[in-house]
Structure formats: structure tokens, C-alpha cells
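Have a look at the structure below, then the notes.
Below, each value reflects all heavy atoms present in this structure, side chains not excepted, and no hydrogens, waters or symmetry copies. A note on names: the letters A, B, ... follow the listed sequences, proteins ahead of strands, and every chain is numbered from 1.
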There are 2 protein chains.
Amino acid sequence: MARLSDVIETFIKDMIKETGGEAEIQRNALATRFNCVPSQINYVIGTRFTTEHGYFVESRRGGGGHIKIKRISVNNPYNDFMHLILSIGDSISEHSAVAHINNFVDYKLISFRDGILMKAAIGSKALQYAFPANRDRIRAEILKNMLMRLIV
Amino acid sequence: MARLSDVIETFIKDMIKETGGEAEIQRNALATRFNCVPSQINYVIGTRFTTEHGYFVESRRGGGGHIKIKRISVNNPYNDFMHLILSIGDSISEHSAVAHINNFVDYKLISFRDGILMKAAIGSKALQYAFPANRDRIRAEILKNMLMRLIV
DNA sequence: ATATAAAGAAAGTCAAAGATGGTCAGATGA
DNA sequence: TCATCTGACCATCTTTGACTTTCTTTATAT
């Protein structure tokens, strides 16, 4: 029932928290620990630790190889916030929008409650009556409007 | 002879009662249990666990997928709020939506900040790329979804 | 010693298979 | 007629494994 990928995700996130921002893992060792094929580690990283999710990943192959996963840090909240809003562009998928919102919450640029409301506003259920071809465009507009309102 | 859909409905409702407000099911497992096709589960959910009935449904596909059905809090102040949400109906103008939101703020059902976010989400600017014929419908859906999220 | 080849040790890629849930139109039955 | 039931087809997410690339270590020839 419990998804292995979720377990691995949590494990890595805990590791990052403990070490204050960075986890260094060995792919094969982790795979052995969780009894899965090594490439599943790549799957987890590729779906949950992307730039969009606020992570930066580096690695080295060969003997003594490793994978480093860092949480991207925010130094200038206001600037980064603006930058992120601008980076949303004219169109955005629900998946992407949720990742952005979670980041805003994580970096304390908006509250947890704000995040809940925003996710409700841009979810597929909320936009079900918009033509599929327009949904991503409308979603981007709604998201940008909400974000702008909070900082203007 | 009780209709199968009614049996399934009761089963899910009992489950929600037992767990105090939330049932997590697996569509295929449930279908197997009741000897029906999986899509009948969707039928039951779609006809008996709607917003109008006071339920909130979420789901995930893929390995380890599931369907979560939450009962909106009933025996508390939210009960009246729920009626207000439902009174919004299937379609609403921006003017009317803003009036509703302001009322919610005035009566302290939502915060001032919540109101700002909601107005940003349902404003004409946010919905500019939706076909005019759909706007009021989409607006109603967004507003209801945001409000519902606050009480589930 | 030095250069080089071979072996070993990681990690990366990608596509197929597996596991769920969603949709919709037509059949069925009270 | 209207609600219910069914099944074919679709969308999404996860797991697995064969094959590839890169880096380090070790053996070998000069």
C-alpha cells in the first residue's frame, strides 16, 4: 500500500533536514537498503527533487561516486518571490503550480492556509468547466493574480 | 433486493463514521469485494458523495493509488457555512461573488486575507482567458472549491 | 617510474511492464 | 423514463531491468 517512492522521498527529506540543507547518498547503497533497483532512486529524485521542487542535484560516477541533493536557499525573499511569479509564464500545469505553491509555503513567502486556498483555486476540479485547451492558461492567470495581490 | 449502489454507499458511509470523517478506499479492491466493475465505484461516488451531499473527494492514480472521501464537518458552526457555500449555485457573476466574499469576511467566516485571495482568484482579470460563456460557471466552481477547502 | 590497458565501481538513461484510477456511451432493469 | 450497471478505452504514476557512461583502481609493458 505505502508507495516505496514516498518512503524513499521521506527518508531523503529527513536526511536533508538533519544535515541542515544537504544530503549525500550513494545510489546502490540506498537501493539495497530499500530493496529496490538502483534506478528507482533516480525515479524518486527525478520526480520529487527537481529544480521546480526547490532542489539542486549533483552527482559523480565511478569509485567513490555519490549523489548530493541540496535544498535551494532563498536569500532575498521579495526578489525571489517576484522572480518566481514572473517565471510562471502564460501557462502552467496543475502539477507545476502545486510545486510552486508548496515552495512559497516552504520558504514562508505565503502561509500554509494561503497555500491551501491557492491549490483549491487552481486545481483541476475548480477548472473542470474550462475547455481543456485553456486550462493551463487560465490557471497561470489565477495563480499570478493571487500571488500579486499578496505582495502589492 | 437492495441496489448494489446503495450497499456500496452504506459501506463507505460506515467507513467514514468509523474513522471519524474520512475513508480511504482502493477502487479495484472495493469493486472486487462487491463483485462489480470498477467504474461502478465512480458511479456511487459521483451520485452520492458530491459537494452537494457534503463530501469532498480526492484521488491518485498509479501504483499505491487510492480514493479519499472526506465528510465535511457537520455538527458545528460550519454547518451554516456549508449552506451558504451551496447557495452559490452553479454560476455566479463577479459582482455577486465579491458581495458573497465580503459578507463572509464581515461575518468572520473567513479572514480578510482569505477574502483578498478569493477575490483575486475569481476576478475578471484572472478569468480573462476563459470563454465569456463559461466564466460565471468557472468562477462559481473556483469559489466553492476555495471555500470547501476551509471546512474539510 | 611511466604510460597504458583492463577491470571494477559507481551513476545515468530509457523504455517496457505493472498498478491504479477516470471517462463515457450504451445496455439493462425497476 | 430514470437510475443503475457494464465494458472498452484512456490517463497517470510506479517499478523493473537491460544497456550506457564516467570515474577510479590495478595490472602490465617499456
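The CD1 atom of Ile41(B) sits 13 Å away from the C1' atom of dT4(D) (whole-angstrom rounding). Across the protein-nucleic acid pair, Asn35(A) atom CG and dG17(D) atom C1' stand 15 Å apart, rounded to whole Å. Between Glu94(A) atom CD and dC13(D) atom C1' the separation is 14 Å, expressed in whole Å. For the pair Gln128(A) CD and dG22(C) P, the computed distance is 13 Å after rounding to whole Å.
Using a 4.0 Å cut-off, some side-chain N or O of Ser5(A) falls inside it from OP1 or OP2 of dT15(D). Applying the 4.0 Å criterion to OP1 and OP2 of dT28(C), one finds that Arg3(B) has every side-chain N and O outside that range. OP1 or OP2 of dT4(D) lies within a sub-4.0 Å distance of a side-chain N or O belonging to Tyr43(B). Neither OP1 nor OP2 of dT14(D) sits under 4.0 Å from any side-chain N or O of Gln40(A).
The side-chain heavy atoms of Phe81(A) and Ile110(A), taken from C-beta on, include a pair separated by under 4.5 Å. In this structure the side chain of Leu147(A) never reaches within 4.5 angstrom of the side chain of Ile101(A), judged on heavy atoms.
For the atom pair CZ (Arg139(A)) and OG (Ser91(A)), the distance works out to 8.5 Å, reported to the nearest 0.5 Å.
Following chains of ILVMFWY side-chain contacts shorter than 4.5 Å, one cannot reach Ile69(B) starting from Ile72(B), and the two form parts of different hydrophobic clusters. Residues Ile25(B) and Val37(B) do not share a hydrophobic cluster, clusters being chains of Ile/Leu/Val/Met/Phe/Trp/Tyr side chains in contact below 4.5 Å.
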With the sugar-phosphate defined as primed atoms, P, OP1 and OP2, and the base as all remaining atoms, what B/S/- string results for nucleotides 7-17 of chain C, 5' to 3', for protein heavy atoms under 4.0 Å? --BBBBBB---

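The list of ring-ring contact (aromatic ring centres under 6.0 Å, His included) pairs with a residue in residues 3-32 of chain B, not counting sequence neighbours, reads Phe11(B)-Phe34(B).
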